[in-house]
J.: 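Take a look at this one; I'll ask things after.
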Amino acid sequence: MEHALVIALTLALVLGILAHKLKLSPLVGYLIAGILAAQPWWGSPVDSHIVEGFSHIGVILLLFGVGLQFHLKDLLAVQKVAVPGALVCMAVSTLGGALVFQLLGGSNDWLSSVMFGLCICVSSTVVLTRVLGDNKLLQTPTGHTAMGWLVVEDIFTILMLVLLPVIISGQELLPAIGSATVKLTLLVACIAFVGRKVIKKVLTYVSKSASSELFILSVLVFALGFAVLAAEGFDASMEFGAFLSGMVVGQSKFASRAASDALPMKEAFAVLFFVSVGMGFDIGGMLEYWQLTLCTCLVAFLLKPLAAFLVITLLGKPLRMALKTAGALSQIGEFSFILATLIATRYHMLPAYAANVITGVAIITITLNAALYRFIPMLANHLEKKEIGRKPKVKGSVEPPSIDKHRVIVVGYGPCGRIMSDILREYDLDVVVLEMNIETVNELEKLGIPALLGDARRRSILRMAGAEQAKAIIITAAAAPSHDIAESAREVNPNITVMAHTTYINTAQMLRRQGAETVFSGEEEVALGMASHTLRTLGATEEQVARERQKNRIRLAGEFADDIPSGV
């Protein structure tokens, strides 16, 4: 058993690296590794039940991580698109899948056909998160819309898991739906209450110790504990419970530490999940039903994203957002595996070959999705150049902020401003540069970078730059009149985040008192950087260095606060 599992993981490593080299998702390599590991060439076969157990933990941890990064306010912000879009898209996909199975699946039972369609109407959280992350879209409006869309699909899948026994046994459907709704509502309320009361206190207490192991263990206990609570106490899926607990931790001050310390191990467990899926796949069976496989691929890869694109466009959202969101949804994954296996093995409403076809379609669509998604921005740019899906630009101004991107205004294009602009644009943020040098503005316009010539203290200039809808304004020049710029920006947009760069610590403290959220002082950063380097040279751990940096930031803030003139 042990050596067979080592073989499976080694294959996953090699093929994952190869997939990455080919600019495909490593998940494709993991699935193929599972197929190869299940072959009889290796002697003792891998115990699939043990692998599935580990892989289930991986999916739970992955959804905990998704919940950690996705806040409820983000879901509420996109509910007008995500809820109707997901419902329409799932209905279209289910109907398309049912028709395909009815015509090509060798079954005359409409209930079985509908079950087949339901298995391919939900996209993979694992794949979509990875694709959006690889393309730096996870924290953009497109990412929030896609993730909100998936939450609706996940809730639908959970309801399906709850209602399947009712559908099979012929119980009254409406009372069963009411019971499931009440249980899920109680689950959300329970996790929200316990999370605020218990998780915060426990993590606060544990974080005061110097043991990172205890913090990691605490996060794992909460992730797995709430998953078990959801399954055992409320008849919901463990994945949904883990997602909710991740959202609770994500609302606390421990979100960043949990993401950096406790969740990297989820990747190893997620690998086992896809390896186990590959191990159960029979390529011969898929080829035998190649017509059903091909048409199911067309439903999952073309019909479903086409429906999503049309819904998003009809709801008045930008073409770029519609293309990127629809493209990310053009695949099926882990919930399709779970539903298909459950319906085929426990309830016997699908033949075994149908579940195998769904696995094959998942492998194909995941591969195509990872390979082709990077061309979607090129398609959007091409269409926008032809003025398709793009508002005309007002002369003498930059384009208005796109719903698809967060706008950030960068004041000054010196070395700091250039670096900030490059990094933000690399992460697909909508950056506008404000500069006082006409030559710099002309050069930026030649490079296709939105730029305006003008004084950032003037509210008219800020409005032309889109400050009314901007998320943040970053003052990168240390000599800039940061106080006046921040004051004008807040008059235009009271919710805008202000970040500033200054040379001296006492100036930084003054700006903080005046309301700037984040101020970077050259004196402070150099001092802390030199101290951190010295500590590392003397053998200090990264945890000790981070603790000393935080302690000295607080100390410096206290020392220089008294130097600030009164009345400021």
Side-chain angles (χ1 to χ4, degrees), residues 59 82-128 149-171 173-174 176-177 180-181 184 235-237 239-240 277 289 292-293 295-308 311 329-366:
V59 175
V83 175
L87 293 176
V88 170
C89 194
M90 285 188 294
V92 171
S93 302
T94 300
L95 180 60
L99 288 173
V100 166
F101 190 73
Q102 186 76 9
L103 295 173
L104 302 173
S107 173
N108 294 321
D109 183 4
W110 268 102
L111 185 56
S112 296
S113 300
V114 170
M115 290 297 168
F116 184 87
L118 289 172
C119 289
I120 63 170
C121 77
V122 288
S123 301
S124 166
T125 302
V126 178
V127 175
L128 186 140
W149 197 293
L150 278 186
V151 171
V152 178
E153 291 188 352
D154 291 347
I155 294 174
F156 170 79
T157 306
I158 292 162
L159 288 173
M160 276 297 303
L161 294 175
V162 173
L163 294 176
L164 270 176
V166 180
I167 297 173
I168 303 303
S169 61
Q171 299 178 30
L173 193 58
L174 289 179
I177 293 176
T181 303
L184 291 178
D235 296 328
S237 77
E239 290 81 4
F240 187 63
V277 170
Y289 293 90
L292 176 62
T293 302
C295 291
T296 306
C297 281
L298 293 177
V299 172
F301 190 73
L302 294 179
L303 180 62
K304 183 168 67 168
L306 178 60
V311 170
L329 295 166
S330 62
Q331 37 74 21
I332 61 174
E334 62 274 6
F335 275 129
S336 297
F337 303 142
I338 294 169
L339 280 175
T341 302
L342 188 66
I343 294 172
T345 58
R346 183 180 299 180
Y347 300 115
H348 306 291
M349 295 194 64
L350 279 178
Y353 69 81
N356 190 67
V357 164
I358 289 173
T359 300
V361 169
I363 294 174
I364 294 170
T365 55
I366 289 172

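Note that the coordinates shown come from a computational prediction; the quantities given were computed from them, not determined experimentally. These values consider heavy atoms only, across backbone and side chains, with no hydrogens, waters or symmetry-generated copies.
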J.: To the nearest 0.5 angstrom, please state how far the SG atom of Cys297 sits from the CD1 atom of Ile332.
T.: 8.0 Å
J.: side-chain contact (heavy atoms from CB on, under 4.5 Å) with Cys119: which of Ile343, Thr296, Val361?
T.: Ile343
J.: Take Ser123 and Trp149, measure what side-chain contact (heavy atoms from CB on, under 4.5 Å) needs, and give me the verdict at the end.
T.: CA-CA 9 Å; Ser123 301; Trp149 197 293; over 6 Å; no
J.: Do you know which two heavy atoms are closest between Ile120 and Lys304, and how far apart they sit?
T.: O-NZ, 3.9 Å
J.: Do the side chains of Phe101 and Leu350 get nearer than 4.5 Å, heavy atoms only?
T.: yes
J.: Starting from the C-alpha separation in whole Å, work towards a yes-or-no answer on side-chain contact (heavy atoms from CB on, under 4.5 Å) for Leu118 and Phe156.
T.: CA-CA 10 Å; Leu118 289 172; Phe156 170 79; 3.5 Å; yes
J.: For the residue pair Leu303 and Gly96, what are the closest heavy atoms and their distance?
T.: CD2-CA, 4.1 Å
J.: Considering non-hydrogen atoms only, spot the tightest contact between Gln331 and Ile366 and give its length.
T.: CB-N, 4.3 Å
J.: Rounded to the nearest 0.5 Å, how far apart are CD of Glu153 and OG of Ser124?
T.: 10.0 Å
J.: To the nearest 0.5 Å, how far apart are CG in Leu104 and OG in Ser113?
T.: 10.5 Å
J.: side-chain contact (heavy atoms from CB on, under 4.5 Å), that's the test. Do Ile358 and Phe116 meet it? Break it down for me.
T.: CA-CA 9 Å; Ile358 289 173; Phe116 184 87; 3.8 Å; yes
J.: If you take all heavy atoms of Val114 and Thr94, which pair is closest and at what distance?
T.: O-CG2, 4.0 Å
J.: Closest heavy-atom contact between Val122 and Met90?
T.: CG1-SD, 4.3 Å
J.: Before giving the answer on side-chain contact (heavy atoms from CB on, under 4.5 Å), spell out for Thr365 and Ser330 the whole-Å C-alpha distance, their side-chain angles and the decisive distance to 0.1 Å.
T.: CA-CA 7 Å; Thr365 55; Ser330 62; over 6 Å; no
